[in-house]
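Just below is one structure, and these are the notes that go with it.
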Amino acid sequence: MPQRTTKQPSETATDDRSVSAPQGGADTEGPSIVESLDPRTGELLASYPVAGETEVARVVERARGAAQWWYDIGFDGRKGWLQSWKKAIAADAQSLAAVISAETGKPADDALLEVMLTVEHLDWASKKAGKVLGRRKVSAGLVSANQEATVRYQPLGVVGVIGPWNYPLYTPMGSISYALAAGNAVVFKPSELTPGVAAWIVGKWNDLVPNQPVLQVVTGFGATGTALCRSGVDKIAFTGSTPTAKKVMATCAETLTPIVAECGGKDAMLVDADADLEEASTFAVFGAMGNAGQTCVGVERIYVADKVFDTFVQKVTEKAKRLRLGGGAHDSYGPMTLGRQSEVVTEQVADALAKGATAVLGGPESVRAPYVEPVILADVPEDSIAVTEETFGPTVVINRMADLDDGVAKANASGYGLGASVFTRNRGRAVAAAERLRSGVVTINSVLGFAGVPALPFGGVGESGFGRIHGADGLREFSRVKSVTRQKYKAPLNLLTMERKPRDMKIAAWMLRARHGRK
Ligand code: NDP
């Protein structure tokens with residue numbers, strides 16, 4: 001059965017109306033077509049044009065024109081269009097979920113959940129943008145009491161969004177929804193594995209607003225992403241692996257184009273001795289194995305208090321054994337979307353076992369590409385690549401911790417810092433651990449709890465990237481701040497003039513001492 005082992009296309013051509021077709025062909029070297037395949041069967045789903053530099057530049061130019069219209073209609077106008085788009089997506093959710101499922105291989109139920117979460121974010125961003133970004137007064141302070149001070153957030157112009165394949169809707173829409181709501185036009189470069197999802201959502205936009213290319217898609221490979229970085233867009237919102245983020249940042253440095261980088265993770269779960277082990281083990285299996293482990297905030301390392309280690313491992317193992325693999329709507333998880341991820345699993349499991357880890361469930365034989373059965377590794381040396389590097393597969397490492405302090409130290413020893421979770425019945429200890437975990441998000445007594453909370457900013461630290469999507473910070477990420485003061489009346493003490501009097505300076509010096517210099 002053919003499968004995607006590398007991100008390489010062959011040559012078959014069809015087209016899709018939602019994707020801008022290159023004028024005069026792709027102007028980068030390499031194939032002119034990107035094929036979308038079903039990873040479950042290898043079936044060709046559709047082919048899309050590869051946009052080269054000239055085409056990307058043309059699309060960004062069109063976006064500039066639309067950006068002006070989008071800016072001019074204001075927050076209320078944008079909210080109206082975004083709400084209509086949201087309704088169109090929600091009303092046809094099953095068809096979108098089918099495209100997600102076909103391109104990634106994930107079960108239809110998971111794909112529908114992805115649509116549901118995406119719509120919640122789009123709804124929030126469109127409704128809150130005016131309040132978060134609109135003009136508001138700030139206190140001018142005593143010394144400048146004669147000034148009215150206001151701050152507002154203006155759109156950047158055109159934002160380039162580069163997305164991954166694992167959550168091909170939810171993840172890029174975390175940037176797209178917020179960038180649009182903030183008043184920007186968007187050019188979206190999806191992963192070469194999931195161009196159909198991008199074409200679907202942009203198609204829905206075009207159905208509503210055919211004459212205003214506020215949202216466009218450019219399909220292709222890495223070179224198309226590079227062209228977008230060089231196209232003069234006002235910001236790049238990148239989601240993908242850490243190595244690619246470094247390349248994107250280097251390219252963007254050429255033109256001083258700012259970026260927000262949402263990269264990989266190696267999330268830790270801490271399970272204290274007093275935790276509800278039944279609940280924690282259920283969440284552990286979901287967090288580690290859901291979407292075949294291809295989740296940036298998936299649970300990859302679990303640190304369990306020594307006292308409950310064996311019971312916890314037993315519970316996780318029992319639950320993982322019950323998982324059903326396959327491409328059906330209600331299966332637990334599907335195949336590896338990108339075939340070469342199976343090789344990463346094989347390599348990490350082999351390394352862990354060679355270093356003395358125990359395979360509690362599965363092992364090297366669990367990799368039956370394109371499917372990978374659940375693998376649970378226990379007592380894995382902390383210098384194994386299964387502990388230090390992102391896996392992106394349905395495997396999990398379970399190691400021991402002396403207590404939560406020890407767990408936090410081990411969790412923080414990673415260069416990544418995206419998400420983390422803490423399980424304990426003691427609220428105070430949980431909150432204290434959450435404070436000390438070096439990560440952008442933490443969930444207490446659940447996993448992925450933040451994904452459906454649009455008001456919460458999302459992003460990582462260290463190798464997991466920088467900047468924030470979602471929430472008020474996510475709206476501000478795609479804006480530039482504008483501060484304005486307006487003189488309401490002439491200041492009694494006029495210091496901002498060449499004609500100030502010695503008396504004025506005397507009073508100013510007295511005020512400085514009186515306000516700030518008293519012991
Ligand atoms: P990649 O880094 O391989 O690709 C991400 C995107 O970048 C793709 O659209 C890719 O295009 C494009 N790209 C590749 N090379 C370049 C380049 N030189 N210049 C510009 N763009 C380029 O990531 P994956 O698609 O494999 O996604 C998986 C990764 O994403 C994991 O590490 C995962 O943790 C991370 N991720 C992070 C999330 C977060 O929010 N922090 C959320 C989801 C995933 P093409 O596909 O055509 O090569």
Side-chain angles (χ1 to χ4, degrees), residues 4 6-9 28 30-31 33-36 48 50-51 53 56 103-104 114 117 121 160-175 187-195 197-198 217-231 233 236-254 257 259-267 291-298 300 336-341 344 389-393 416-419 439-441 448 450-451 457-470 474:
R4 293 187 285 219
T6 60
K7 291 181 175 181
Q8 279 303 314
T28 46
I33 289 296
V34 52
E35 290 181 341
S36 164
Y48 299 84
V50 171
E53 266 174 43
V56 170
E103 286 196 320
T104 61
E114 190 174 338
L117 292 175
H121 279 273
V161 174
I162 299 177
W165 46 262
N166 60 336
Y167 290 89
L169 179 73
Y170 176 78
T171 291
M173 282 290 282
S175 295
V187 177
F188 174 27
K189 149 69 180 85
S191 164
E192 66 195 59
L193 304 189
T194 53
V197 174
V217 59
V218 286
T219 48
F221 304 95
T224 302
T226 305
L228 188 56
C229 295
R230 292 199 173 119
S231 65
V233 290
I236 287 286
F238 171 82
T239 308
S241 65
T242 306
T244 308
K246 291 175 184 172
K247 289 188 202 161
V248 165
M249 207 170 162
T251 309
C252 286
E254 294 167 12
T257 302
I259 78 164
V260 46
E262 301 291 347
C263 310
K266 192 72 197 172
D267 287 12
N291 202 32
Q294 303 166 119
T295 304
C296 55
V297 280
E300 299 216 347
M336 305 308 279
T337 305
L338 178 62
R340 72 165 179 246
Q341 285 303 129
V344 175
E389 292 180 12
E390 186 178 46
T391 312
F392 235 52
Y416 290 109
L418 196 52
S439 66
V441 286
L448 296 159
F450 51 85
F458 176 80
V461 300
E463 294 275 306
S464 292
F466 52 85
R468 292 294 179 263
I469 56 171
H470 302 169

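Order of appearance sets the numbers: ligands from 1, and atoms from 1 within every ligand. The shown structure was predicted, so the numbers you read here are calculated from the model rather than taken from an experiment.
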Nitrogen or oxygen atoms of Lys189 and ligand 1 under 3.5 Å apart: yes
For Glu390, atoms of ligand 1 separated by under 4.0 Å from a heavy atom: 31 (C), 32 (O), 33 (C), 34 (O)
Please confirm whether Gly459 comes under 4.0 Å of ligand 1, counting heavy atoms of the residue only. no
Using distance alone, decide if ligand 1 has a nitrogen or oxygen within less than 3.5 Å of any nitrogen or oxygen in Ser191. yes
Evaluate the side-chain proximity of Trp165 to Glu103: yes if any heavy-atom separation is below 4.5 Å, no if none is. no
Those atoms of ligand 1 less than 4.0 Å from some heavy atom in Thr226: 17 (C), 18 (N), 19 (N), 20 (C)
If we number the atoms of ligand 1 from 1 as shown, the ones under 4.0 Å from a heavy atom of Ser241 are 1 (P), 2 (O), 23 (O), 29 (C), 30 (O), 32 (O)
Element-labelled atoms of ligand 1 that are located less than 4.0 Å from some non-hydrogen atom of Thr171: 42 (C), 43 (C)
If you define the side chain from C-beta out and look only at heavy atoms, does anything of Glu262 sit under 4.5 Å from Phe458? yes
Does Gly163 have a non-hydrogen atom less than 4.0 Å from ligand 1? yes
In terms of atom number and element, which parts of ligand 1 are under 4.0 angstrom from non-hydrogen atoms of Gly264? 32 (O), 34 (O)
Any Thr104 side-chain heavy atom under 4.5 Å of Pro168 side chain: yes
Under-4.0 Å heavy-atom contact with ligand 1, by part of Tyr167 that carries it: neither
Which of the atoms of ligand 1 are close to Thr239, meaning less than 4.0 Å from one of its heavy atoms? 5 (C), 37 (C), 38 (C), 39 (C), 40 (O), 42 (C), 43 (C)
I want to check something: taking the side chain as every heavy atom from C-beta on, are Leu448 and Val297 in contact at a cut-off of under 4.5 Å? yes
Per-atom filter on ligand 1: closer than 4.0 angstrom to a heavy atom of Gly222 are 13 (N), 14 (C), 15 (N), 16 (C), 17 (C), 19 (N), 20 (C), 21 (N), 22 (C), 47 (O), 48 (O)
Would Glu463 and Thr242 satisfy side-chain hydrogen bond (donor to acceptor under 3.5 Å, both in side chains), going step by step from the backbone distance to the final call? CA-CA 6 Å; Glu463 294 275 306; Thr242 306; 4.8 Å; no
With a cutoff of 4.0 Å, is Trp165 in contact with ligand 1, counting heavy atoms of the residue only? yes
Would Lys247 count as a polar contact of ligand 1, with the cut-off being nitrogen or oxygen pairs under 3.5 Å? no
Tell me, do Val217 and Tyr48 make a side-chain contact under 4.5 Å, heavy atoms counted? no
Does Pro190 reach ligand 1, in the sense of a heavy atom lying below 4.0 Å from it? yes
Among Gly225, Gly440, Gly220, the residue with a heavy atom nearest to atom 21 (N) of ligand 1 is Gly225
Is a donor on one side and an acceptor on the other found under 3.5 Å between the side chain of Thr239 and the backbone of Pro164? no
Does His121 use its side chain to pair, donor to acceptor, with the backbone of Ala451 at less than 3.5 Å? yes
Proximal candidate to atom 43 (C) of ligand 1 [heavy atom criterion; set Thr219, Val161, Val50, Asn166]: Asn166
Measure the shortest side-chain to side-chain distance between Asp267 and Ser439 over non-hydrogen atoms and say whether it is less than 4.5 angstrom. no
Could you tell me whether Ser464 and ligand 1 have an N or O pair separated by under 3.5 Å? no
Show which atoms of ligand 1 fall inside a sub-4.0 Å distance from at least one heavy-atom site of Val248. 19 (N), 20 (C), 21 (N)
Any Phe221 side-chain heavy atom under 4.5 Å of Pro31 side chain: yes
With a cutoff of 4.0 Å, is Cys263 in contact with ligand 1, counting heavy atoms of the residue only? yes
Out of Leu418, Thr337, Thr251, Thr244, who gets a non-hydrogen atom closest to atom 14 (C) of ligand 1? Thr244
Under-4.0 Å heavy-atom contact with ligand 1, by part of Gln294 that carries it: neither
